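What you see is a predicted model, and the numbers here were worked out from it, not measured in a lab. Letters A, B, ... are given to chains in the order of the sequence lines, protein chains preceding strands, and every chain is numbered from 1.
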2 protein chains.
Amino acid sequence: MVIDQQKCLLMARTCACFSLRRASRLVSQAFDRALKPSGLRITQFSVLSAYHMSGDLGISKMSRGLGMDRTTLSRNLKLLAQKGLITLEPAEDRREQRVKVTQKGAQAFEQAVPYWEQAQQKVISTLGDEKWAAMQQDLRALAAGAK
Amino acid sequence: MVIDQQKCLLMARTCACFSLRRASRLVSQAFDRALKPSGLRITQFSVLSAYHMSGDLGISKMSRGLGMDRTTLSRNLKLLAQKGLITLEPAEDRREQRVKVTQKGAQAFEQAVPYWEQAQQKVISTLGDEKWAAMQQDLRALAAGAK
DNA sequence: GGATGATATGAGTATATACACTCAATTTAG
DNA sequence: CTAAATTGAGTGTATATACTCATATCATCC
């Protein structure tokens, strides 16, 4: 049962997961570089953005909405809290934690937006708006189908 | 300079980096679940596959080929070496490390292939072959453009 | 109204990722 | 042939990711 070279080559080139991870790595690096002056990483920017937009979700619910593991989001939030960009407070349902974006957090986010826009523009322009829109949709489909 | 809710929403939905990371996370989870019986993670499978195919590349060269950071690949390889799936030996150019896939490594890889095929099939079938082929190409373009 | 199942979270552990800094070996310029 | 530039790799540090296990709270159903 030996796997030949050809098949290996094919596998490396066509593996859906590898292609996605590779693109994700490289695009993330580009965004992190662009965001550097803001002091935020792209993950932190995304999480901050999500809570800026709808801050009244518990960690689990938000993690489902974002397609992140609950514990991953939890640890990302801990970092943001350490930086003073959010606060974590108990909710009425005492199992839940409420996330509030602090003034400092809102400021950091807003100052980061132009850098994000620049990176976003650059990355998307590689494909053009049309192809990007299609990919956006297909990425959603893949993510949904992976569950 | 307040960023309004609408704009936030738009950002979260359209951020290229977030979309990619999200899809990457969820698809990776699916592949890792599928590969679980093999004892390999998808990253380890990918790296093993790459060296199975062309084992005579130093770490830096291989990392460039795979679109991975050199130190990331280096640490991934250390794990594979700990598991006895590869060995690291100095090359003629004494700066380089040569990676050899061991018998055990080749076996582990080959035994994992069917699980990989199953996951690959499942993920791709979400889009269909045609859309997947297009996405594959566009992901490459994005990755290339991000540098 | 207390047992039971569902839900929310945290902690421990392991892996993946990459930047900055450093050192060693090689190559190249003069 | 030597000094400088390049190249290959390791370490320290920080972040991102997710699985498993444990715990606390809530909702619900007799």
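- The listed nucleotides are D/dT6, C/dA20, C/dA11; the one nearest the side chain of A/Lys36 is C/dA20.
- For B/Ser60, whose side chain is taken as the heavy atoms from C-beta onward, the closest listed nucleotide among D/dA9, D/dG12, C/dC19 is D/dA9.
- Contact annotation: A/Lys78 does not reach the phosphate of D/dA16 (side-chain N/O to OP1 or OP2, under 4.0 Å).
- The phosphate of C/dG10 has OP1 or OP2 within less than 4.0 Å of a side-chain N or O from A/Ser74.
- A/Arg70 comes within 4.0 angstrom of a nucleotide base, judged by non-hydrogen atoms across all strands.
- Here the CD1 atom belonging to B/Ile86 is positioned 11.5 Å from the NZ atom belonging to B/Lys83, to the nearest 0.5 angstrom.
- The listed nucleotides are D/dA18, C/dT9, C/dT26; the one nearest the side chain of B/Arg95 is C/dT26.
- If you measure from atom CG of A/Leu66 to atom C1' of D/dT17, you get 14 Å, rounded to the nearest angstrom.
- The distance from atom CG of A/Leu73 to atom C1' of D/dT15 is 14 Å, rounded to the nearest whole Å.
- Across C/dT9, C/dT17, D/dT15, the shortest atom-to-atom separation from the side chain of A/Glu96 is found for C/dT9.
- In this structure, A/Ile42 and B/Phe18 have side chains that are not in contact, with every pair of non-hydrogen atoms separated by 4.5 Å or more.
- For D/dA16, the OP1/OP2 oxygens have a side-chain nitrogen or oxygen of A/Thr43 closer than 4.0 Å.
- The A/Gln29 side chain lies nearest to C/dA18 when the options are D/dA18, D/dG10, C/dA18.
- Remark: P of C/dT26 and CG of B/Asp93 are 5 Å apart, rounded to the nearest angstrom.
- Taking the charged nitrogens against the carboxylate oxygens, B/Arg98 and B/Glu96 do have a contact shorter than 4.0 Å, which makes a salt bridge.
- One atom, CG of A/Leu80, and another, C1' of D/dA16, lie 12 Å apart when rounded to the nearest Å.
- Within the 4.0 angstrom heavy-atom criterion, base atoms lie near B/Thr72.
- For D/dT15, the OP1/OP2 oxygens have no side-chain nitrogen or oxygen of A/Asn76 closer than 4.0 Å.
- Residue A/Lys61 has its side chain nearest to C/dA8 when only C/dA8, D/dA18, D/dG10 are considered.
- Taking atom CZ on B/Arg64 and atom P on D/dT6, their separation rounds to 14 Å, with Å as the unit.
- If you take CZ of B/Arg33 and P of D/dT20, they are 11 Å apart, rounded to a whole angstrom.
- Between B/His52 and B/Phe109, the angle of the ring planes lies from 30° to 60°, which puts this pair in the tilted group.
- Taking the side chain of A/Arg25 as heavy atoms from C-beta on, and the options D/dT15, C/dA18, C/dG10, the nearest nucleotide is C/dA18.
- Here C/dT26 presents its P atom at 11 Å from CD of B/Glu92, a figure rounded to the nearest Å.
- Comparing A/Gln44 and B/Gln97 against DNA chain D, the residue whose closest nucleotide sits nearer the 5' end is B/Gln97.
- The nearest whole Å value for the distance from the CZ atom in B/Arg41 to the P atom in C/dA16 is 5 Å.
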